[in-house]
2 protein chains.
Amino acid sequence: MNPIFHALFQKNRYLTNCLNEVLKQHHLYSSQWTILYCLHKNGPMTLTQIWKYLNVEAPSITRAITRLEALGWVQRLDGEDKREKIVTLSAQAEERLPAITATILAFEEEMVGSLTAEEQEQLLKLLEKMKG
Amino acid sequence: MNPIFHALFQKNRYLTNCLNEVLKQHHLYSSQWTILYCLHKNGPMTLTQIWKYLNVEAPSITRAITRLEALGWVQRLDGEDKREKIVTLSAQAEERLPAITATILAFEEEMVGSLTAEEQEQLLKLLEKMKG
DNA sequence: AGTATTTATTTAGCTAGGTAAATAAATTTA
DNA sequence: TAAATTTATTTACCTAGCTAAATAAATACT
């Protein structure tokens with residue numbers, strides 16, 4: 001196994017686990033947070049807009065939104081085009097997002113803190129240069 | 001979301017999907033292959049040795065081994081310590097592994113090919129330097 | 001020796017990704 | 001306009017990670 005792949009897969013698992021750990025205090029999983037952040041940044045979105053933006057398949061988003069709706073983080077509204085559902089953040093979500101974002105920023109800072117600013121830039125550049 | 005995290009998560013998903021695609025011809029999933037490779041490299045191992053080596057929790061390995069056993073890739077043998085199960089590659093697996101390894105090497109080469117040798121080294125170094 | 005603790009594996013159940021196929025609404029085409 | 005195709009979402013089911021708790025064997029303790 002190419003050591004780059006190995007390192008990338010391991011790091012991915014490690015970071016996801018840490019992120020989930022840190023998000024426990026807000027009763028969220030990392031993927032749920034990703035969707036909330038996406039909606040916060042872009043405003044109301046259809047399911048299709050969300051999964052295309054996050055580069056994930058539709059059923060993953062349907063499932064995640066169903067749970068987020070049940071937990072009161074988002075609402076599904078009918079669009080003008082009656083095939084589509086428009087997802088919006090709830091008032092509760094809007095209220096809580098600043099604290100969650102602060103948690104995330106601190107976490108990211110800590111994780112990336114072992115690299116200098118140049119190294120961070122380098123790493124990002126190299127990841128993006130890899131095929132795909 | 002820190003762009004490094006975003007890039008890393010996206011790349012991880014992309015590479016896993018590609019790897020699964022490439023492994024279809026051998027009727028394997030990427031995680032199954034990881035375990036076969038691990039056994040090929042280290043010889044017979046207990047479940048605990050496998051999950052510690054792969055840095056994954058025990059139940060993931062139990063499940064994967066159960067499937068690999070049902071498919072004829074591995075066998076579970078009782079150890080001297082009767083709590084532990086020793087996992088060995090089947091003859092069929094030994095026979096097929098060279099072809100699979102060739103597929104994997106070609107795939108890895110292709111994926112990593114957009115980077116120069118120095119860039120690959122750099123990327124690995126930076127990934128490993130990140131916390132965790 | 002008998003009890004308590006540790007260790008290896010498994011089971012149950014959760015999130016999160018994937019594909020394939022069903023359904024319903026909108027759009028295109030004959 | 002009626003039929004065919006496309007598009008948005010959902011459902012069903014697969015792998016793959018996780019935690020918590022059950023079970024069984026080995027080890028440590030009194």
Side-chain angles (χ1 to χ4, degrees), chain A residues 8-24 26-36 38 45-71 73-74 76-87, chain B residues 8-24 26-36 38 45-71 73-74 76-87:
Chain A
L8 196 141
F9 291 155
Q10 294 268 7
K11 202 59 70 173
N12 177 75
R13 245 198 348 271
Y14 175 73
L15 289 173
T16 322
N17 291 344
C18 290
L19 198 45
N20 279 327
E21 191 55 42
V22 152
L23 280 172
K24 258 185 192 162
H26 301 289
H27 309 290
L28 275 177
Y29 287 93
S30 55
S31 292
Q32 299 175 325
W33 178 76
T34 305
I35 293 174
L36 296 185
C38 174
M45 296 171 88
T46 65
L47 285 168
T48 299
Q49 286 174 324
I50 296 174
W51 65 259
K52 287 196 170 159
Y53 183 84
L54 296 177
N55 206 17
V56 157
E57 297 303 319
S60 307
I61 296 302
T62 295
R63 212 185 325 97
I65 293 293
T66 301
R67 277 193 295 262
L68 284 172
E69 192 175 34
L71 294 168
W73 292 96
V74 303
R76 262 191 189 89
L77 308 175
D78 284 344
E80 202 163 307
D81 179 332
K82 277 181 191 162
R83 290 170 303 180
E84 62 190 23
K85 302 284 173 63
I86 293 161
V87 185
Chain B
L8 197 141
F9 291 155
Q10 294 268 6
K11 202 58 72 173
N12 176 76
R13 247 200 343 273
Y14 175 73
L15 289 173
T16 324
N17 291 345
C18 290
L19 199 45
N20 280 326
E21 190 56 40
V22 152
L23 281 172
K24 259 186 191 161
H26 301 289
H27 309 289
L28 275 177
Y29 287 93
S30 54
S31 292
Q32 299 176 325
W33 178 75
T34 305
I35 293 174
L36 297 184
C38 174
M45 297 171 88
T46 65
L47 285 168
T48 298
Q49 286 174 323
I50 297 174
W51 65 259
K52 287 194 172 160
Y53 184 85
L54 295 177
N55 206 16
V56 157
E57 296 305 319
S60 307
I61 297 302
T62 295
R63 211 187 323 99
I65 292 294
T66 301
R67 277 192 295 261
L68 284 172
E69 193 175 33
L71 294 168
W73 291 97
V74 302
R76 260 191 191 89
L77 308 175
D78 284 344
E80 201 163 307
D81 180 332
K82 278 179 189 163
R83 290 170 303 180
E84 62 189 24
K85 302 283 172 62
I86 294 161
V87 185

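Just so you know, these numbers use all the heavy atoms, side chains as well, and skip hydrogens, waters and symmetry mates. Per chain, numbering begins at 1; letters A, B, ... match sequence-line order.
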Output for pair (A/I35 CD1, A/Y53 OH), nearest 0.5 Å, gives 12.5 Å
Protein-nucleotide distance (A/I65, atom CD1; D/dA8, atom P), rounded to Å: 16 Å
Could you check how far CG of B/D78 sits from C1' of D/dA24, rounded to whole Å? 12 Å
Could you pick out which residue, A/W51 or A/N17, lies toward the 5' side of DNA chain D when each is mapped onto its nearest nucleotide? A/W51
I want to check something: taking the side chain as every heavy atom from C-beta on, are A/E84 and A/T48 in contact at a cut-off of under 4.5 Å? no
Is there a side-chain contact between B/R13 and A/N12 in this structure, where contact means two heavy atoms from C-beta onward sitting under 4.5 Å apart? no
Nearest to the B/A58 side chain among C/dT11, D/dT10, C/dT9, which nucleotide is it? C/dT9
For the pair made of CD in A/E57 and C1' in C/dA21, what is the distance, rounded to whole Å? 14 Å
For A/D81 and B/T46, find the nucleotide of DNA chain C closest to each by heavy atoms; which residue's nucleotide sits nearer the 5' end? B/T46
Has A/S30 got a side-chain N or O lying under 4.0 Å from the OP1 or OP2 atom of C/dT15? no
Are B/W33 and B/V22 side-chain neighbours, meaning at least one heavy-atom pair lies under 4.5 Å? no
Does any N or O donor sit under 3.5 Å from an N or O acceptor when you compare the side chain of A/R83 with the base of D/dT9? no
Less than 4.0 angstrom between a side-chain N/O of A/T62 and OP1 or OP2 of D/dT10, yes or no? yes
Separation of D/dT15 P from B/L19 CG (nearest whole Å): 16 Å
A/V87 versus A/I61: any side-chain heavy-atom pair under 4.5 Å? no
A/T48 near the nucleic acid: base, sugar-phosphate alone, or nothing, with a heavy-atom cut-off under 4.0 Å? sugar-phosphate
Which residue lies toward the 5' end of DNA chain D, B/S31 or A/I86, if each is placed at its nearest nucleotide? A/I86
Can you measure A/R13 atom CZ to D/dT19 atom C1' for me and round it to whole angstrom units? 15 Å
With the side chain defined as heavy atoms from C-beta on, A/Y29 is closest, among D/dT9, D/dT19, C/dA16, to C/dA16
What's the closest nucleotide to the B/R67 side chain, out of D/dC18, C/dT15, D/dT15? D/dT15
Give a yes/no on whether any side-chain N or O of A/T16 is located under 4.0 angstrom from OP1 or OP2 of D/dC18. no
For A/K82 and for A/V56, find the nucleotide of DNA chain C with the closest heavy atom, then tell me which residue's nucleotide is more 5'. A/V56
Under 3.5 Å, side chain of B/Q10 to main-chain N/O of A/N55, donor-acceptor pair present? no
Nearest-angstrom distance from the residue atom CD of A/E21 to C1' of D/dG17: 15 Å
Touch class at under 4.0 angstrom, heavy-atom based, for B/E84 against every strand present: sugar-phosphate
Using only side-chain N and O atoms of B/S60, determine if any of them is under 4.0 Å from OP1 or OP2 of D/dG17. no
Quick check on D/dT10: is either OP1 or OP2 less than 4.0 Å from any side-chain nitrogen or oxygen of A/R63? no
Atom CD1 of A/I61 and atom C1' of C/dT19: how far apart are they, to the nearest Å? 16 Å
Identify which nucleotide among C/dT10, D/dC18, C/dA26 has an atom closest to any side-chain atom of B/R76, counting heavy atoms from C-beta outward. C/dT10
Taking CG from B/L15 and C1' from D/dA16, how many angstroms apart are they, rounded to a whole number? 16 Å
